[in-house]
Amino acid sequence: MTDVYVVGTDMIKFGRFPDRGVADLGAEAALMALDDCGLSINDMQALYCGNLGEAGAMVGQRVLRQIGQTGIPVVNTANACATGATAFREGWMAIKAGIYDVVLCVGVEQMGRGLLGGGGGAAGIPTEGLLGSGTMPSVFAQVGLEHTRKFGTTFEQFAKVSVKNHHHSTLNAKAMYQKETPLDEVMNAEMISYPNTKLMCSVNVDGSAAAVLCSEKKAKELGLMKRAVKVRASALTSDPYSSRNLAMPDFNAVTRLAAKNAYDMAGLGPDDVDLIELHDCFATAEIVHYENLGLCKDGEAGKLIDSGDTALGGRIPVNVSGGLLSKGHPLGATGIANIYEVTTHLRGEAGGRQVEGARIGLTHVVGMGSACAVHILEKV
Amino acid sequence: MTTAVAPRPAVSYLKYAKDGAPYLAGSQCGKCGETFVGDREVCAKCGTRNKMEPKRLSDTGKLYNFTIVHRNFPGVPVPFVSAIVDLDGGGTVKGNLIEIEPDPKKIAFDMPVKVVYRDAGRKDKEGNSYLAYFFVPAK
């Protein structure tokens with residue numbers, strides 16, 4: 001089977017664009033990714049388009065109406081917060097299978113403000129706030145407190161994730177927010193769901209990102225190998241059974257399985273990875289994913305954030321883009337936006353936030369329900 | 001004189017026994033022994049079909065996890081404690097932990113709790129009342 005390369009990728013600056021539509025935002029990122037590798041929509045053999053909010057409304061085809069209706073097959077994907085990564089993986093699989101040589105993957109989302117999630121209401125009475133809470137901040141607060149229960153992780157350690165990622169964002173012009181938040185500001189911000197304060201929740205924003213994938217033969221033919229980044233592994237999992245999963249979504253088992261599958265496929269381990277973009281939808285989530293992705297032993301994630309090793313300049317920088325916490329989290333775009341981020345570092349083009357000498361990067365997203373995608377990328 | 005109508009269960013896994021007492025309904029796999037909340041046909045753990053038996057879940061358990069919810073949708077009173085409880089004998093259920101101060105220092109992992117059944121305090125569009133379950137600290 002051929003190796004698959006990212007030859008073009010870009011993302012728009014995330015923000016709030018109430019006057020624009022999903023197709024318009026997706027089209028913008030698609031054209032930027034095509035421009036990044038000097039190809040045109042006429043070169044693309046298929047489009048994989050990730051979007052959640054309008055999943056029933058043919059978003060990929062609507063993107064093509066804006067950038068060129070060439071008649072290529074379009075696959076629209078929806079997989080919660082793993083939506084964009086699932087579109088990317090579908091494109092990767094099609095090239096791996098030898099069906100196509102060059103495809104376009106787009107992730108796009110337009111979001112309202114406010115709380116996501118919450119339980120019940122189809123029939124009878126809504127159960128949110130009556131039988132516990134199913135909002136995203138509550139669910140991920142419990143992800144953190146389960147770690148506290150097992151290992152004594154503190155509110156302050158969770159808060160440090162936001163301090164770090166918000167600091168990183170000051171180096172990324174494409175982040176929604178680029179603002180330092182000292183520890184006391186994070187901890188004293190409005191409590192949303194203990195232990196996550198407002199500054200420990202990701203931002204609902206509009207955004208889009210895109211990537212052009214290419215087989216090795218085609219990338220060479222087109223002279224695109226110089227800035228190409230190899231996809232060493234692509235893994236997607238659903239939540240394996242665990243006993244409390246139905247009352248309390250288990251984001252750990254689904255991530256551990258995806259990480260193991262990705263490391264196995266790449267023939268690499270966590271020690272080989274130079275930078276990581278992981279799913280910090282809430283500050284608490286980043287802590288548990290340190291262990292789920294093997295960056296430290298179980299129980300040592302609190303120490304890892306304390307050590308500074310996951311900050312830019314540290315042993316294994318995590319979320320140097322600013323993460324979902326500051327870059328924003330447009331659900332369907334996130335999985336491709338973190339591919340863009342890692343690719344940019346592997347190309348040595350990340351400017352002030354460049355992870356020096358980065359050769360291997362890992363991206364991780366996990367969507368509630370659940371779906372986890374892990375990709376490992378390598379500098380050519 | 002009108003006869004009082006029992007409030008409807010707020011969720012499908014809250015049921016009334018023959019004697020009218022409410023309880024949390026579960027099921028257990030006859031092959032692997034796993035206990036689930038609610039009815040089901042196939043075991044999600046081992047995939048076995050046609051071996052699920054109805055099981056009345058316990059009204060006592062231990063607090064596995066929680067969060068204190070300070071921000072919720074309009075009309076939902078905050079703060080409240082959203083709790084994850086491991087019921088004695090199997091089954092993990094999410095619900096509100098009440099009759100406790102919503103302060104992380106006052107809430108202990110593994111504290112024993114009791115399931116109580118009370119009016120939900122919410123009615124549907126037709127004005128029907130509902131029965132809900134809550135957790136309270138066990139004395």
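We name chains A, B, ... by the order of the sequence lines, and we start the count at 1 in each one.
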S.K.: Non-hydrogen atoms of chain A under 4.5 Å away: do they reach the side chain of V93(B), the backbone, both or neither?
M.R.: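 It is the backbone, since no side chain atom gets that close.
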
S.K.: Considering only heavy atoms, which portion of F66(B) lies under 4.5 Å from any heavy atom of chain A: side chain, backbone, both, or neither?
M.R.: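 Contact with chain A is through both the backbone and side chain of F66(B).
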
S.K.: For the atom pair CZ (F140(A)) and CE (M200(A)), what is the distance rounded to the nearest 0.5 Å?
M.R.: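 With rounding to 0.5 Å, CZ (F140(A)) is 13.5 Å from CE (M200(A)).
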
S.K.: Hey, does the side chain of N292(A) reach the backbone of T255(A) with a donor-acceptor pair shorter than 3.5 angstrom?
M.R.: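 No; zero donor-acceptor contacts below 3.5 Å.
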
S.K.: Counting only non-hydrogen atoms closer than 4.5 Å, does V85(B) touch chain A with its backbone (N, CA, C, O), its side chain (CB onward), both, or neither?
M.R.: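 Neither part.
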
S.K.: Would you say the side chain of Q110(A) lies within less than 4.5 Å of the side chain of P330(A), judging by non-hydrogen atoms?
M.R.: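 Answer no - side chains too far apart.
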
S.K.: What part of L14(B) gets closer than 4.5 Å to chain A, counting heavy atoms only: side chain, backbone, both or neither?
M.R.: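 Contact with chain A involves no heavy atom of L14(B) at all.
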
S.K.: Report the distance from atom CG of L278(A) to atom CG of N319(A), rounding to the nearest 0.5 Å.
M.R.: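 These two atoms lie 4.5 Å from each other.
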
S.K.: Starting at CG of L304(A), measure out to SG of C296(A) and round the result to the nearest 0.5 Å.
M.R.: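 Rounded to the nearest 0.5 Å, the CG-SG separation comes to 5.0 Å.
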
S.K.: Could you look at L246(A) and say if it's the side chain, the backbone, both or neither that has a heavy atom under 4.5 Å from chain B?
M.R.: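 It is the side chain, since no backbone atom gets that close.
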
S.K.: Could you walk me through whether F282(A) and F158(A) satisfy the ring pair (Phe, Tyr, Trp, His ring centres under 6.0 Å) test, starting with their C-alpha distance in whole Å, then the side-chain angles of each, then the deciding distance to 0.1 Å, before giving a yes or no?
M.R.: CA-CA 9 Å; F282(A) 294 87; F158(A) 293 126; over 10 Å; no

S.K.: Quick one: are N165(A) and E286(A) in side-chain contact, heavy atoms under 4.5 Å?
M.R.: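 A side-chain contact exists here, since the closest heavy-atom pair is under 4.5 Å.
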
S.K.: Strictly distance-based, threshold 3.5 Å: is any side-chain N or O of K164(A) a donor or acceptor partner for the main-chain N or O of V318(A)?
M.R.: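 Flag set: sc K164(A) to bb V318(A) pair under 3.5 Å.
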
S.K.: Check chain A and chain B for donor-acceptor pairs under 3.5 Å and report each one on its own line.
M.R.:
from, atom 1, to, atom 2, distance (Å)
P126(A), O, R122(B), NH1, 2.5
E128(A), O, R122(B), NH1, 3.0
E128(A), O, R122(B), NH2, 2.7
E128(A), OE2, N72(B), ND2, 2.5
G129(A), O, N96(B), ND2, 2.7
L130(A), O, N96(B), ND2, 3.4
G132(A), N, N96(B), OD1, 2.7
S133(A), N, S82(B), OG, 2.9
S133(A), O, K94(B), NZ, 3.0
Q142(A), O, N65(B), ND2, 2.8
Q142(A), NE2, S82(B), O, 3.0
E146(A), OE2, Y64(B), OH, 2.5
R149(A), NH1, Y64(B), O, 2.9
R149(A), NH1, D110(B), OD1, 3.2
R149(A), NH2, D110(B), OD1, 2.8
R149(A), NH2, D110(B), OD2, 3.2
E190(A), OE1, R71(B), NH2, 2.9
E190(A), OE2, R71(B), NE, 2.9
E190(A), OE2, R71(B), NH2, 3.4
I192(A), O, H70(B), N, 2.9
I192(A), O, R71(B), N, 3.0
S193(A), OG, T67(B), OG1, 3.0
Y194(A), N, T67(B), OG1, 3.4
Y194(A), N, I68(B), O, 2.9
Y194(A), O, T67(B), OG1, 2.6
Y241(A), OH, E34(B), OE2, 2.7
R244(A), NE, D86(B), OD1, 2.9
R244(A), NE, D86(B), OD2, 3.1
R244(A), NH2, D86(B), OD2, 2.7

